[in-house]
**Q** 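Right, I'll just put the structure down here and ask away after.
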Number of protein chains: 2
Amino acid sequence: MARVNLERRAAIGEAKRARTRAAILEAARACYAAPEPVSATVDAVTQAAGVAKGTFYLHFRDLPALEAELGETLIAELSERLEPARLAVVNPLTRMATAVTILLRDLAAAPAQARLAARAAVMLPDVAKAVQARLRGDLADAQAAGLLAVGSVDLAVRIVVALVEQASSLFSTSRIDATAIPDIVRAVLRAMGCPPGDAANRTNEAALNADAFAQRTSAVTGVVS
Amino acid sequence: MARVNLERRAAIGEAKRARTRAAILEAARACYAAPEPVSATVDAVTQAAGVAKGTFYLHFRDLPALEAELGETLIAELSERLEPARLAVVNPLTRMATAVTILLRDLAAAPAQARLAARAAVMLPDVAKAVQARLRGDLADAQAAGLLAVGSVDLAVRIVVALVEQASSLFSTSRIDATAIPDIVRAVLRAMGCPPGDAANRTNEAALNADAFAQRTSAVTGVVS
DNA sequence: TTTCAAATTGACCTTATAGTCATTCTGACA
DNA sequence: TGTCAGAATGACTATAAGGTCAATTTGAAA
């Protein structure tokens with residue numbers, strides 16, 4: 001009887017395995033983004049993915065492990081979405097305003113994504129941390145340039161995060177729509193210390209920047225049902 | 001054998017009953033205000049109260065029913081704490097700033113109370129609604145007086161709530177202390193549309209108002225361990 | 001067509017929590 | 001001091017969720 005090539009054999013299942021793993025991740029995204037909070041359980045995820053419960057544990061140690069991976073994906077997507085525009089804007093406050101505008105537009109356009117983001121910010125500290133790191137950089141620059149009225153950069157970061165998270169939560173429940181975005185961005189800038197007129201100007205500039213970098217939205221938001 | 005007076009008999013246990021009920025409510029407060037989020041379960045509450053599980057169900061239909069009652073108590077306490085100062089301030093934005101200052105000072109002084117408030121705002125929508133009703137009144141007045149840069153009163157309310165909730169959460173984890181309060185109040189006022197200088201003036205005025213109404217703090221915050 | 005390592009399955013176990021109820025305890029009154 | 005309605009108890013059931021594993025299915029290679 002002919003010998004079986006074990007290494008070859010070991011590679012056979014990889015495609016199938018990868019497909020199942022992706023299905024579980026995708027189902028988890030859908031669960032976390034569901035309109036009424038489906039409690040994110042292993043049973044719910046596996047049922048949504050159409051696989052048996054045991055299969056879950058072949059691919060992830062437990063639910064937190066899956067959440068961590070999902071979080072990394074979200075961070076990568078956010079980064080890919082925001083960095084190009086951020087790199088193109090020199091003034092730190094306008095840069096921050098541009099990123100906030102793009103982010104809020106995406107969230108307004110995709111409530112499911114907004115729900116996912118809102119929950120990720122609460123449940124996945126790493127996602128929040130990664131976003132805040134960039135924000136902290138911008139605000140530290142602003143402080144160095146004498147543009148920041150808030151005493152500590154850390155507090156300024158918290159203020160921006162609070163406003164964006166609130167907006168995200170309002171988008172996710174459709175209590176506001178995209179037309180409120182400039183109002184929110186102006187409020188963020190004013191909170192940072194911009195005089196009202198200056199805040200309005202920067203918000204307009206941020207909107208133009210966001211227009212210029214508006215391509216590829218679907219690549220990010222199209223994934224979630 | 002002498003007859004027993006049944007109506008009289010029915011009233012016998014009332015004091016005992018009321019004491020047990022109060023103990024359960026108090027234990028629930030402690031659970032919700034615990035440093036690391038003790039999951040609020042019937043078992044946890046009854047154990048903290050030193051009563052058997054069945055006793056809980058003699059006094060409350062279920063956990064949501066207890067939470068609703070706890071929420072009403074919190075609303076009443078907040079109202080008692082904030083209304084006197086609010087009634088004394090004429091300008092709506094300064095009134096709002098005064099209320100925010102008093103609230104944040106209380107929360108800074110009592111982390112357990114801050115934790116309770118932070119969780120109540122998320123878990124007990126009625127508490128949040130009641131507070132927001134007052135806030136909405138102030139901000140509607142401000143809009144009528146042309147003091148509001150935010151387009152909709154509703155959005156303005158959300159912005160203030162977001163900032164106060166973020167602050168509450170930071171107090172509850174001791175990531176900021178009371179010295180940050182003026183910074184936060186100024187940021188709130190600026191977000192509403194006050195020019196930076198005006199925001200600073202109103203914040204100072206609010207601090208003086210808060211000083212004047214600083215009595216009785218212990219009556220509110222002393223309850224929670 | 002047969003083989004077999006890997007992938008998958010789902011019944012089963014464990015733990016945590018909600019909620020019930022027959023039984024026991026308590027204490028003011030007769 | 002004995003009575004007994006009401007208060008309290010805690011063992012009990014039911015359910016939901018995490019996690020395991022012996023048995024079954026899959027599919028490329030032989």
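Per chain, numbering begins at 1; letters A, B, ... match sequence-line order. Note that the structure is predicted; figures quoted are calculated from it, not measured.
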**Q** Return the value, rounded to whole Å, for the distance between atom OH of B:Tyr57 and atom P of D:dA11.
**A**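 For the pair B:Tyr57 OH and D:dA11 P, the rounded distance is 17 Å.
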
**Q** Just by distance, with hydrogens left out, do B:Arg158 and A:Ser169 show a side-chain donor and acceptor under 3.5 Å apart?
**A**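 Not at all, the side chains of B:Arg158 and A:Ser169 share no donor-acceptor pair under 3.5 Å.
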
**Q** Is there a side-chain contact between A:Thr20 and the phosphate of C:dA7, meaning an N or O under 4.0 Å from OP1 or OP2?
**A** no

**Q** Which whole-number value in Å describes the distance from A:Glu14 CD to D:dG27 C1'?
**A**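 It is 15 Å, rounded to the nearest whole Å.
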
**Q** Write down the distance between CG (B:Leu63) and P (C:dA16), rounded to a whole number of angstrom.
**A**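 In whole Å, C:dA16 P and B:Leu63 CG are 18 Å from each other.
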
**Q** State whether A:Ser39 places a side-chain N or O below 4.0 Å from either non-bridging phosphate oxygen (OP1 or OP2) of D:dA17.
**A** yes

**Q** Whole-Å distance between C:dA28 P and B:Arg17 CZ?
**A**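 Result: 17 Å.
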
**Q** Which atom pair, heavy atoms only, marks the closest approach of A:Glu165 to A:Ala121?
**A** OE2-CB, 3.4 Å

**Q** Give the nucleotide from the list D:dA17, D:dG19, D:dT9 with an atom nearest to the side chain of B:Val51.
**A**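 The listed nucleotide nearest to B:Val51's side chain is D:dT9.
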
**Q** Is there a donor-acceptor contact under 3.5 Å from the side chain of A:Arg95 to the main chain of A:Val89?
**A**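 Yes: the side chain of A:Arg95 pairs with the backbone of A:Val89.
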
**Q** Roughly how many Å is it from CZ in B:Arg19 to P in D:dG6, rounded to a whole number?
**A** 18 Å

**Q** Going by side-chain contact (heavy atoms from CB on, under 4.5 Å), A:Phe56 matches just one of A:Thr46, A:Thr20, A:Asp43. Which one?
**A** A:Thr46

**Q** Looking at every strand, decide which applies to A:Thr55 at a 4.0 Å heavy-atom threshold: base, sugar-phosphate, or nothing.
**A**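 Here A:Thr55 touches the bases of the nucleic acid.
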
**Q** Would you indicate which nucleotide in D:dG18, D:dT9, C:dT17 comes nearest to any side-chain atom of B:Leu58?
**A**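 Shortest atom-to-atom distance from the side chain points to D:dT9.
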
**Q** Under 4.0 Å: is that the gap between some side-chain N or O of B:His59 and OP1 or OP2 of D:dA7?
**A**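 Looking at the OP1 and OP2 atoms of D:dA7, neither is under 4.0 Å from any side-chain N or O of B:His59.
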
**Q** Please confirm whether any donor atom in the side chain of A:Lys53 sits under 3.5 Å from an acceptor in the base of D:dG18, or the reverse.
**A**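 Yes, a donor-acceptor pair under 3.5 Å.
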
**Q** Choosing from D:dA8, C:dA18, C:dG19, which nucleotide comes nearest the side chain of B:Asp62?
**A** C:dG19

